[in-house]
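What follows is one structure encoded as structure tokens, with my remarks underneath.
Small disclaimer: the values here were computed from a predicted structure and weren't measured. Start at 1 and go down the list; that is how both ligands and their atoms are numbered.
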Amino acid sequence: MVPFSTAALFVTLRVLLLSVSISRVGAVPVTSTSTNSTAHSKVASTSSSYWVANIQRQGTVAFGDSNYTVFRNVQDYGATGDGSTDDTASINAAISDGDRCGEGCDSSTITPALVYFPPGTYLVSAPLIQYYYTQFVGDAVTIPTIKASASFTGIAVIDSDPYGSGGVNWYTNQNNFYRQIRNFVIDITSMPPASGACIHWQVAQATSLQNIVFEMVQGGTDNAQQGIFMDNGSGGFYSDLVFNGGNYGMFVGNQQFTTRNLTFNNCATAVYMNWNWVWMLKSITVNNCGVGVNMSNTPTNQTVGSVLIQDSKFVGTPKGIITAFSTSGNTPATGNTLVIDNVDFTGSTDAIVSYTGATILAGGSVVSSWAQGNAYTTGDDSSASTGTCASAAASASSTTIQAPLAAPTKPAALLDGSSVFERSKPQYESVPASSFVSVKSAGAKGDGVNDDSASIQAAMNSLTSDQILYFDHGAYVITTTIKVPSNIKMTGEIWPLIMASGTAFANQASPAPVFQVGQPGDVGAVEMSDLIFETKGPAAGAIMVEWNVAETSQGASGMWDVHMRIGGSAGTGLQSDTCAKNPNVTESYNPACEGAYLLLHVTAKATCYLENNWFWVADHELDLADHNQINIYNGRGVLVESQGPVWMYGTSAEHSQLYNFEFANAQDVYAGVIQSETPYMQSNPTALNGGFTPNATYFDPDFSSCNGDAGCEKAWGLRILDSTDILVYGAGLYSFFDNYDQTCLATESCQVNMVSIECSTEVYLWALSTKASTNMVTVDGTGVVNQSDNMDNFCQTIAVFEGA
Ligand SMILES: *[C@@H]1O[C@H](CO)[C@@H](O)[C@H](O)[C@H]1NC(C)=O
Ligand SMILES: *[C@@H]1O[C@H](CO)[C@@H](O)[C@H](O)[C@H]1NC(C)=O
Ligand SMILES: *[C@@H]1O[C@H](CO)[C@@H](O)[C@H](O)[C@H]1NC(C)=O
Ligand SMILES: *[C@@H]1O[C@H](CO)[C@@H](O)[C@H](O)[C@H]1NC(C)=O
Ligand SMILES: *[C@@H]1O[C@H](CO)[C@@H](O)[C@H](O)[C@H]1NC(C)=O
Ligand SMILES: *[C@@H]1O[C@H](CO)[C@@H](O)[C@H](O)[C@H]1NC(C)=O
Ligand SMILES: *[C@@H]1O[C@H](CO)[C@@H](O)[C@H](O)[C@H]1NC(C)=O
Ligand SMILES: *[C@@H]1O[C@H](CO)[C@@H](O)[C@H](O)[C@H]1NC(C)=O
Ligand SMILES: *[C@@H]1O[C@H](CO)[C@@H](O)[C@H](O)[C@H]1NC(C)=O
């Protein structure tokens, strides 16, 4: 299995397959009749108290066929769930009904499908093809089982990206966005042990798996079963999974990925890490497996960039981690970078072992902090205080280590016992459908045209404490700031669109929030999930979400699977027909293609739990057939001013002009893999000429130390100023282009700087990967980590940067 195709650079970029001429066809087992649920004679669906089964369905697509069916109950399409009838064709009919985005489509935002599985056991003999923009939701009260028959044939029980004609994937792996699978048992124990996989998960951002049990054959010499098979992709998140048996609980490879709360029982190898740039394994428990994590693929030229293992436990597992790293002559230099943080190896003989068999770290104890790779420190910063900058030019010393480290002191506010706190997306399985208040029933139209501001504000204000606001699928135009109460729960039907529009959000000299979550100083509990924020046309004064509320109890306030998508899709007015790139001419920014002012602002008195959030300024078109690259000028990505706690699990922010992530005057922030990309257009124009004037009120960078160097005037991936106790566990911050040209990759110099630490203390960056930034880390204006010293398989990687 090769991690990259021979065109290694290109596979990793978000470059589209061009001239796809294959017409849309259904999956093999799908019948040719394309009908929607209203056309079916409904069989009585298995009853459940789960609100998803019972809520009135009023979701529609605003920018496509208004009769398109968003919600599908597989039993309405003839699936029986009786455990003996082959339900493959019925389920695939439920998924593929309507003119959906299948083979040859690449992407579409106007044909989403929420496919619900009532309780039952669904026998299948061929893959269930998960089309683009699909959620599979099993009943959360009584979890359904999908069971592969003994004669099952195909890549996996659920396939997120089929290999179609000529072996070409239906969807470009790194563009395979917007998917969920949750609440299932997937059982392949009836299959011969030598074959079978539960999920082929070849995905990118805005994707998640949650609450799934993978049942595989246990033991045996010919066991080749796999729970998750992930060949490649660009990011994503999953949690709350249990893997029983199999050869590999999961066989995975991806650019960057966050995973947490995974339990592996009796797998031959719990995790086979095939390749990556950075991967977080948080809160994993490995019980009675032969090997915990094998990351040693191709020791002579390692394919695994970096792995973090945190708050985890190995029980009855002789070999904890197998690595190929060597402190002398490693290839690539920083390949197999590994960070261990609070991991209990008392149940392992070898905690960390070389592929040669040599013990690197004996088992039998809890390891608080350990790393292999390149470590940088700016020395003892304990006397420095926040706001005090180094007077002399900063410097950092580096060593290649494979050794224990002094454990960082983690702020108590971030912790649950000795582990970093975590909380899964609420699914409200004990709340009856009658407690959900539909915004459409409350008068909002969600048609992408009507101004729904007043009806949504009224609906929020009218909720009683036991009610949950429900955004039926649709596009809700907002023209005035919505004041979100400080105690509210809201969720959406497969990512309804909240669209900022009009003069209230037009002026960057007076930016205004679209959703203002609580008022500064408020304490409460706000839960938001499964929503997408967009602008309808330019909105240079829009702060998409301003988060002011502080939690009443740990993790009470947060956003799960809430995404932002600026331009590049139907209804935004910021598409390839108006905002196509043109690298041939000198670009000044185009006001007609401005996005928002700021995507997320976590203000000074707020706290926030963020999980699986993608703050995306579109780099290419998702709906129009050309799928061309586009120039959207968006001011800023994520700004955190909070004193904490702030948790960020699986957060991506891409293509904003001034920065993607900035922590200013912040404290007690934890991030479990952040990812960013610099706008592909830069430096044509530069960050300073991208339409947004740096504003000191928002602590914007002004790039004054660049002295006019265009390669320096590019978006910061991460900027930390006047902050303390910032713990970043895993980062992939990428610069792939200069004005859409990739010549700069040859010298890894598409921009001068990527990470800036200014006047800050107690900053820890673990498993930091940058791509093509001359300086990986800049402290108080001075580059202190040179990319050329830290070559990894594709990025440049350091195990830890500590200090400032
Ligand atoms: C949608 O369905 C309604 C009722 O069946 C029909 O009158 C209307 O023409 C349909 N619209 C489209 C766009 O198909
Ligand atoms: C749904 O079914 C109705 C009635 O048969 C049909 O008019 C409509 O075109 C179908 N819509 C889709 C998206 O399949
Ligand atoms: C994705 O991974 C598979 C399996 O390793 C490989 O065959 C394929 O070429 C890869 N695709 C790309 C685009 O890298
Ligand atoms: C971890 O996942 C299990 C299901 O596998 C779930 O019961 C548990 O609540 C999860 N723990 C956390 C902290 O989310
Ligand atoms: C770990 O992976 C390497 C590389 O694929 C493989 O050669 C080795 O057999 C694996 N080790 C074990 C114990 O499975
Ligand atoms: C390692 O593999 C990469 C990707 O296949 C290749 O580009 C590179 O030349 C190899 N390096 C060595 C030293 O073999
Ligand atoms: C900077 O932001 C403040 C606060 O929103 C605003 O009043 C001011 O006009 C902005 N300055 C510029 C130059 O846009
Ligand atoms: C830019 O130049 C290239 C090469 O000459 C050409 O193929 C492309 O069409 C041009 N693009 C535009 C938008 O003019
Ligand atoms: C980075 O290292 C290379 C190779 O040692 C050296 O040529 C270059 O000057 C260094 N760059 C900086 C900014 O220190």
Query raised in the report: Between D561 and N612, does any side-chain donor sit less than 3.5 Å from a side-chain acceptor?
Result: yes
Query raised in the report: What are the atoms of ligand 7, with element, lying closer than 4.0 Å to any heavy atom of Q508?
Result: 14 (O)
Query raised in the report: Considering only heavy atoms of V242, which atoms of ligand 4 have at least one such atom less than 4.0 Å away?
Result: 5 (O)
Query raised in the report: Under a 4.0 Å N-O cut-off, is there an ion pair linking K425 with D530?
Result: yes
Query raised in the report: Between C289 and C267, is the SG gap short of 2.5 Å?
Result: no
Report task. Check ligand 4 against D240 and write out every atom of the ligand that is under 4.0 Å from a heavy-atom position of the residue. Result -> 1 (C), 2 (O), 5 (O), 10 (C), 14 (O)
Query raised in the report: Less than 6.0 Å separating the ring centroids of Y670 and Y729?
Result: yes
Report summary line: among protein heavy atoms, the one nearest atom 1 (C) of ligand 4 is N261 ND2, 1.4 Å
Report summary line: Heavy-atom proximity to atom 14 (O) of ligand 4 ranks first, among G555, S239, S424, for S424
Query raised in the report: Does a side-chain N-to-carboxylate-O contact under 4.0 Å join E527 and R423?
Result: yes
Query raised in the report: So which protein heavy atom does atom 8 (C) of ligand 7 come closest to, and at what separation?
Result: A509 O, 3.3 Å
Query - Shortest non-hydrogen separation from A772 to Q796 and the atoms involved - result: N-OE1, 3.1 Å
Query raised in the report: So which protein heavy atom does atom 12 (C) of ligand 7 come closest to, and at what separation?
Result: N695 ND2, 3.5 Å
Query raised in the report: Below 4.0 Å from any atom of ligand 7, is there a heavy atom belonging to P511?
Result: yes
Query - Closest protein heavy atom to atom 5 (O) of ligand 7, given as residue, atom name and distance to 0.1 Å - result: Y698 OH, 3.4 Å
Query - Candidates F214, Y272, Y248 - the one meeting ring-ring contact (aromatic ring centres under 6.0 Å, His included) with F243 - result: F214
Query raised in the report: Between the candidates N793, N301, T303, T331, which shows the shortest non-hydrogen contact distance to atom 10 (C) of ligand 6?
Result: N301
